[in-house]
Amino acid sequence: MIKINRNSIGIRWTVLLLMLVFGIVFVNGCAQESEEKSTGAEKEAIADVSEKKELTAREAYQLAQIESVDWASDAILVDISNFWGTSLADGRSVRWKLEFNSTSMEKELEVHISRGKILQTMEEKLKKREAITGEWVDTPKAIEIAQEYFAAKPIKNYWFGITSKEGIATWYIMCKYEEGVPTWVHINALTGELIKTREDY
């Protein structure tokens with residue numbers, strides 16, 4: 001007669017069960033660690049931006065986009081501009097205003113950014129405008145292109161604005177001189193190509 005060692009079988013089942021539990025815990029731990037690393041990297045990127053006082057348009061967008069998604073899941077970017085007297089010659093600015101539209105809420109969100117942080121947000125009536133999409137050039141590159149068309153005289157300040165019309169995202173860069181009529185330079189925000197220049201207030 002074959003004798004069955006019940007203690008031996010019990011030990012084997014216990015070992016198998018412990019291995020199974022350990023495996024599940026290990027897999028879950030790896031997944032959680034991966035997620036934490038990803039989230040941590042995103043937070044570090046935002047932290048790097050928020051530590052700066054003067055931001056490019058894209059850096060300002062990185063901050064405002066988080067606010068817009070919390071506001072409405074269908075929020076789309078429709079306008080970026082800086083405030084007068086806050087820009088630098090390298091395309092950065094101390095203050096920015098970014099506008100997002102939500103068709104589901106039928107409202108518009110303004111996000112004001114000052115010195116690398118969100119200063120305030122405001123809801124406004126919806127103004128139907130096209131979304132700014134694609135990999136648009138940032139303000140340092142836009143100002144580099146525009147400077148070729150500015151007059152050779154003392155410059156007081158710059159203004160940056162981007163919108164989309166008929167599917168074309170356009171940078172509008174105004175150069176205000178110490179004296180005389182400002183120069184406007186319109187640039188295709190996706191290709192960096194000049195659209196036109198004009199002298200106007």
Side-chain angles (χ1 to χ4, degrees), residues 49 52-65 67-68 75-103 107-116 118-201:
V49 170
K52 300 177 181 178
K53 302 301 182 185
E54 300 88 17
L55 305 181
T56 68
R58 187 166 293 282
E59 288 172 337
Y61 171 63
Q62 288 174 351
L63 289 177
Q65 186 183 30
E67 193 75 20
S68 71
I76 58 171
L77 176 69
V78 295
D79 189 281
I80 305 177
S81 61
N82 75 303
F83 285 74
W84 277 112
T86 67
S87 61
L88 303 176
D90 64 358
R92 300 178 185 276
S93 182
V94 176
R95 288 199 61 180
W96 291 95
K97 180 178 74 171
L98 298 94
E99 299 174 44
F100 299 85
N101 275 5
S102 169
T103 53
K107 289 183 179 180
E108 177 180 290
L109 180 72
E110 284 188 7
V111 181
H112 292 240
I113 292 177
S114 177
R115 298 186 178 277
I118 294 176
L119 180 65
Q120 64 177 345
T121 61
M122 297 185 295
E123 282 190 353
E124 303 286 350
K125 290 182 179 179
L126 180 67
K127 299 186 289 288
K128 290 187 177 181
R129 290 180 285 178
E130 290 185 24
I132 300 171
T133 58
E135 291 297 317
W136 39 274
V137 299
D138 204 357
T139 37
K141 181 62 177 177
I143 192 70
E144 180 185 329
I145 297 168
Q147 282 174 343
E148 182 181 344
Y149 305 96
F150 297 151
K153 53 185 179 181
I155 295 172
K156 185 175 183 180
N157 207 242
Y158 303 96
W159 179 85
F160 308 98
I162 181 174
T163 59
S164 183
K165 187 176 181 181
E166 297 179 355
I168 300 176
T170 303
W171 272 116
Y172 302 91
I173 302 173
M174 186 172 96
C175 177
K176 189 173 184 180
Y177 307 107
E178 293 290 348
E179 295 180 354
V181 181
T183 298
W184 288 81
V185 180
H186 299 197
I187 298 169
N188 185 310
L190 298 181
T191 65
E193 296 176 346
L194 176 71
I195 296 176
K196 70 175 183 178
T197 64
R198 60 188 173 95
E199 308 295 318
D200 193 8
Y201 286 99

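In this chain, numbering begins with 1 at the start of the sequence shown.
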Practice task
Taking side-chain contact (heavy atoms from CB on, under 4.5 Å) as the test, write out the residues that go with Ala89, two or more places apart.
Solution key: Tyr158

Exercise for the section: For residues Glu99 and Arg129, determine if any side-chain heavy atom of one lies less than 4.5 Å from a side-chain heavy atom of the other. Expected result: yes

Problem - Approximate separation, where rounding is to 0.5 Å, of Trp184 CH2 and Phe150 CZ - result: 10.5 Å

Exercise for the section: Answer yes or no: are there more than 12 heavy-atom neighbours, outside Glu135 itself, under 6.0 Å from its atom CD? Expected result: no

Problem - Partners meeting side chain to side chain donor-acceptor pair (under 3.5 Å) with Lys125 (sequence neighbours left out) - result: none

Handout entry: Those residues that, when tested against Gln65, pass side chain to side chain donor-acceptor pair (under 3.5 Å) (two or more places apart)
Key = Tyr61

Exercise for the section: Applying side-chain contact (heavy atoms from CB on, under 4.5 Å), name anything that partners Thr133, two or more places apart in sequence or on another chain. Expected result: Ala131

Handout entry: Separation of Leu98 CG from His112 NE2 (nearest 0.5 Å)
Key = 9.0 Å

Problem - Minimum heavy-atom distance between Glu130 and Val78, given as atom pair plus value - result: O-CG1, 3.6 Å

Problem - Separation of Thr56 OG1 from Leu88 CG (nearest 0.5 Å) - result: 11.5 Å

Exercise for the section: Output the distance between atom CD1 (Ile76) and atom CG (Leu109), rounded to the nearest 0.5 Å. Expected result: 12.5 Å

Problem - Spatial distance of atom OG (Ser93) from atom NZ (Lys53) [nearest 0.5 Å] - result: 14.5 Å

Problem - Residue list, salt bridge (charged side-chain N to carboxylate O under 4.0 Å, His left out) with Glu67, at least two apart or on another chain - result: none

Practice task
Using a cut-off of 6.0 Å, state whether more than 12 heavy atoms not belonging to Lys153 lie near its atom NZ.
Solution key: yes

Exercise for the section: Return yes if some donor-acceptor pair links the side-chain N/O of Thr139 with the main-chain N/O of Gly91 below 3.5 Å, else return no. Expected result: yes

Exercise for the section: Would you confirm whether Asp138, through its side chain, and Pro140, through its main-chain N or O, come within 3.5 Å as a donor-acceptor pair? Expected result: no

Problem - Non-neighbouring partners of Lys107 that pass salt bridge (charged side-chain N to carboxylate O under 4.0 Å, His left out), sequence neighbours left out - result: Glu123

Practice task
Kindly write out the residues that satisfy salt bridge (charged side-chain N to carboxylate O under 4.0 Å, His left out) with Lys127, not counting sequence neighbours, or none if the list is empty.
Solution key: Glu108

Exercise for the section: Mind listing the closest non-hydrogen atom pair of Asn157 and Gly85 along with its distance? Expected result: OD1-N, 2.9 Å

Practice task
Just jot down the side-chain contact (heavy atoms from CB on, under 4.5 Å) partners of Ser81, sequence neighbours excluded, or say none.
Solution key: Asp79, Lys97, Trp159

Problem - Euclidean distance, Lys196 NZ relative to Tyr149 OH, rounded to 0.5 Å - result: 14.5 Å

Practice task
Could you tell me which non-hydrogen atom of Ile118 sits nearest to which non-hydrogen atom of Leu63, and how far apart they are?
Solution key: CD1-O, 3.9 Å

Exercise for the section: Run the numbers on Trp96 and Val111 for side-chain contact (heavy atoms from CB on, under 4.5 Å), then give the verdict. Expected result: CA-CA 8 Å; Trp96 291 95; Val111 181; over 6 Å; no

Exercise for the section: Decide yes or no for Asn101 and Leu126: does some side-chain heavy atom of the first lie under 4.5 Å from some side-chain heavy atom of the second? Expected result: yes

Quiz: residues 165-180 side-chain donor-acceptor pairs under 3.5 angstrom, not counting sequence neighbours:
from   : atom 1 : to     : atom 2 : distance (Å)
Trp171 : NE1    : Val137 : O      : 2.8
Tyr177 : OH     : Ala151 : N      : 2.8
Tyr177 : OH     : Thr183 : OG1    : 2.6

Handout entry: side-chain contact (heavy atoms from CB on, under 4.5 Å) against Val94, all qualifying residues, sequence neighbours excluded
Key = Glu54, Thr86, Arg115

Fill in the blank from the handout: Residues passing the side chain to side chain donor-acceptor pair (under 3.5 Å) test with Gln147, sequence neighbours excluded, are none

Practice task
Under the side chain to side chain donor-acceptor pair (under 3.5 Å) rule, collect the residues that match up with Thr121, sequence neighbours excluded.
Solution key: none

